[in-house]
Amino acid sequence: MTSWEQAVSGLLRALRLDSIRSKMLVFALLATLIPSLTTGWISYLQIERSLGAKITGELQSVSGQTAREMDLWVKERLYELRVFASSYEVSENLDRMPRAGGARARERLTGYLRSVRERFADYQELLVVSPEGAEVASTAPHPTRVHLPQGWTTTIRTDNAVVGDASWDAELKRGVVVFAVPIYQTGGRFLGALTAKADLSALHRLLRRFAGGGVESGQVYVITADGRPLVGSRTAPADLMGHTLDTAVVRRLLEREGATREYRGLEGQEVVGAVKRVPRPEWAVLAEVPASEAYRQVARLRNVTGLIVATLLVAVGLFAYFLGLLITRPLDRLTQGAAKVAAGDLDVHLPVVGGGELKYVTEVFNDMVARLHESRSELERLSVTDDLTGLYNRRYLMEALANEVRRSRRLDHPCALLMADVDHFKEYNDAYGHLAGDEALRRIAGVLRETTRDVDCAARYGGEEFVVLMPETKASGAIETAQRIRTRLATDELVGGKLSVSVGVAQFPDDGDAPEALLARVDAALYRAKREGRDRVLRAPPTP
């Protein structure tokens, strides 16, 4: 064999592909998998690219249109306020208020503001503030505090308007945004500002009207530059005041205005969104749609492609498997049989088919497994039985007791435990010799086998002590069995009248809910029987 053949053979063995059937199976799977996955992947990329372009166009259209409407809404509010502020009623009455008759001037100014407020529902409150920011007149019976940005007097003279931050007005119990325009007296003297608290619910209604194009399953928000949402097309302003979009996400969206990005939205789900700035205030319109909805077609294609590929793999794999099975079946029987024997399973018998060397090897294999099975059965028997009495030994008893306690606890059934000790066995040994003592123990073990059920586990616990585990048995039934053992032993030809037994009885779970507890209780009952005169049966004493 050449070096490259050795290398290929070593690689196949390392990948566990050195059998004929595995090579056929792998070849068939690769021949199916490579073209199927390649075709599916190319289709997936094309559809994803085309769907991404469609989503981008829809989000850009919605965000751009909504941003224009927001800008128009802000300009209309500022225009209305400038018209109101230029009214003679405002400037003249505001100018007269510090002089005599100021109360009358304040009353006329307040009346004018209230008449305007009644005709324009978007304004929650109209106020006139002095250049120092103090409230001068208001449409509200109890004027609320107005928050103008720092340095507003400079801004309002330069830009002829001020747009404040949107906030939750606790007194009005709604979200508002503050607009302010200057009030000048004839000659250009700055008298103060006409300030309006515009209800954000108006923006909510506006968004709902313009957010239907392309994002039926998504939402459109108006957000600030720091990611704080002001209003949403499907969410009331009061529900948004406590939320904030991640600033890093907002920064990336604003850096590439109009481009779509995937991110975690305000409601915690993965979304695809695009942003468009509103020219006048530091606001932006964010249009987003759930990523699961946006890529539903891509996910459907991926699932269909995966299902087709999986079906092909299963079909081709089954065909290759059965073909290889027909070719290598006789050898596989021997291989699998040898693997089972190596794993410890000796209940293996291979059918002898065909002829020649394969038939001979199969017969030799079956004979070898049969001999191993006989040897192991004998070893297992010796490992769990006492070599003198033929009863189960102490190790087997402890395993059986633990298993029975678990079973009884699970089924809520009782079980009982007997512990018997041969009375005056040392004196019997001294009087008749150790051989006679061994024969007596064997005879007592025979009595235990004869007087207990097949489901009971009789074991030599140690020396002249014996234990019987009785499943599905209460203490009363165990006491009857113990009395039967005593009676049968008393009439035995070999040890009758010479040896007797003291027996302790315990019941699960009344006398103990664990193997150790049961053994301790039955041992206490046994030694109590010995103290009270031997040759008797006693149940475990009550638990203290």
Problem - Closest contact, heavy atoms only, Ala193 versus Ala180 - result: CB-CB, 4.5 Å

Practice task
Give a yes-or-no answer on whether the side chains of Glu288 and Tyr263 include a donor-acceptor pair shorter than 3.5 Å.
Solution key: yes

Exercise for the section: Tell me, please, which residues at least two apart from Arg256 pass side chain to side chain donor-acceptor pair (under 3.5 Å). Expected result: none

Practice task
Could you please spell out the steps behind the side chain to side chain contact (heavy atoms under 4.5 Å, CB included) verdict for Val222 and Thr66?
Solution key: CA-CA 9 Å; Val222 176; Thr66 308; 5.5 Å; no

Problem - Stepwise side chain to side chain contact (heavy atoms under 4.5 Å, CB included) test for Arg261 and Val272 - result: CA-CA 6 Å; Arg261 285 187 176 274; Val272 180; over 6 Å; no

Practice task
Inspect the contact between Arg252 and Glu255 and indicate whether a charged nitrogen and a carboxylate oxygen are less than 4.0 angstrom apart.
Solution key: no

Completion exercise
Nearest heavy-atom approach of Leu109 to Glu89 is CD1-O, 4.1 Å

Problem - Thr158 side chain vs Thr155 backbone, donor-acceptor pair below 3.5 Å - result: no

Completion exercise
The reported gap from CG in Asp159 to CH2 in Trp152 (rounded to nearest 0.5 angstrom) is 13.5 Å

Exercise for the section: Please determine if Arg407 and Glu472 form a salt bridge, counting it only when a charged side-chain N lies under 4.0 Å from a carboxylate O. Expected result: yes

Exercise for the section: Tell me whether the centres of the aromatic rings in Phe120 and Phe84 are closer together than 6.0 Å. Expected result: yes

Exercise for the section: Considering only NZ, NE, NH1 and NH2 on the basic side and carboxylate oxygens on the acidic side, decide whether Arg395 and Glu399 come within less than 4.0 Å. Expected result: yes

Practice task
Mark yes or no for whether Arg77, through its side chain, and Phe179, through its backbone, hold a donor-acceptor pair below 3.5 Å.
Solution key: no

Handout entry: Distance, nearest 0.5 Å, that separates OG1 of Thr260 from CD of Glu58
Key = 11.5 Å

Exercise for the section: Please report the shortest heavy-atom distance between Cys415 and Pro471, naming the atom on each side. Expected result: CB-CA, 4.1 Å

Handout entry: Closest non-hydrogen atom pair between Ser91 and Ile183, with its separation
Key = CA-CG2, 4.1 Å

Exercise for the section: Report yes or no: do Glu125 and Tyr123 form a side-chain donor-acceptor pair below 3.5 Å? Expected result: no

Exercise for the section: Work out which heavy atom in Lys276 is nearest to a heavy atom in Gly64; give both atom names and the distance. Expected result: CG-CA, 3.9 Å

Handout entry: Gap separating the OH atom of Tyr112 from the CG atom of Leu94, nearest 0.5 angstrom
Key = 13.0 Å

Problem - Side-chain heavy atoms of Met70 within contact of Val285, under 4.5 Å - result: yes

Exercise for the section: Flag the pair Leu253 / Leu286 as yes when at least one side-chain heavy-atom distance between them is below 4.5 Å, and no otherwise. Expected result: yes

Practice task
Taking all heavy atoms of Val62 and all of Ala287, pick out the closest pair and write down the distance.
Solution key: CG1-CB, 4.2 Å

Handout entry: His147 NE2 to Lys197 NZ distance, which is reported to the nearest 0.5 Å
Key = 6.5 Å

Exercise for the section: Verify, without hydrogens or angle tests, whether Gln60 (side chain) and Gly258 (backbone) share a donor-acceptor contact under 3.5 angstrom. Expected result: yes

Problem - 4.5 Å side-chain heavy-atom contact, Met97 and Val136 - result: yes

Handout entry: Donor-acceptor pair between Arg96 and Asn93 side chains, under 3.5 angstrom
Key = no

Handout entry: Listed partners of Ser130 passing side chain to side chain donor-acceptor pair (under 3.5 Å), at least two apart
Key = Glu132

Handout entry: Reference residue Val181; test side chain to side chain contact (heavy atoms under 4.5 Å, CB included); the match among Asn160, Leu194, Val162
Key = Leu194

Exercise for the section: Would you mind reporting whether Val405 and Asp513 have side-chain heavy atoms less than 4.5 Å apart? Expected result: no

Handout entry: Polar side-chain atom of Arg189 near backbone of Tyr184 as donor-acceptor pair, under 3.5 Å
Key = no

Practice task
Dump the intermediate steps for side chain to side chain contact (heavy atoms under 4.5 Å, CB included) on Val178 and Thr195, then the final yes or no.
Solution key: CA-CA 7 Å; Val178 176; Thr195 306; 3.4 Å; yes

Exercise for the section: Return yes if some donor-acceptor pair links the side-chain N/O of Thr110 with the main-chain N/O of Glu107 below 3.5 Å, else return no. Expected result: no

Exercise for the section: Flag yes if more than 12 heavy atoms outside Phe190 fall under 6.0 Å of its CZ atom; otherwise flag no. Expected result: yes

Exercise for the section: Consider only side-chain N and O atoms of Ser61 and Gln65, and report whether a donor and an acceptor are under 3.5 Å apart. Expected result: no

Practice task
Using a strict 4.0 Å threshold on nitrogen-to-oxygen distance, state whether Arg277 and Glu257 make a salt bridge.
Solution key: yes

Problem - Derivation and outcome, side chain to side chain contact (heavy atoms under 4.5 Å, CB included), residues Trp73 and Val278 - result: CA-CA 11 Å; Trp73 183 82; Val278 179; over 6 Å; no

Fill in the blank from the handout: Rounded to the nearest 0.5 angstrom, the CG-OG1 distance for Leu148 and Thr153 is 9.5 Å

Exercise for the section: First locate atom OG1 of Thr139, then atom CG of Leu127, and finally report the distance between them rounded to the nearest 0.5 Å. Expected result: 6.5 Å

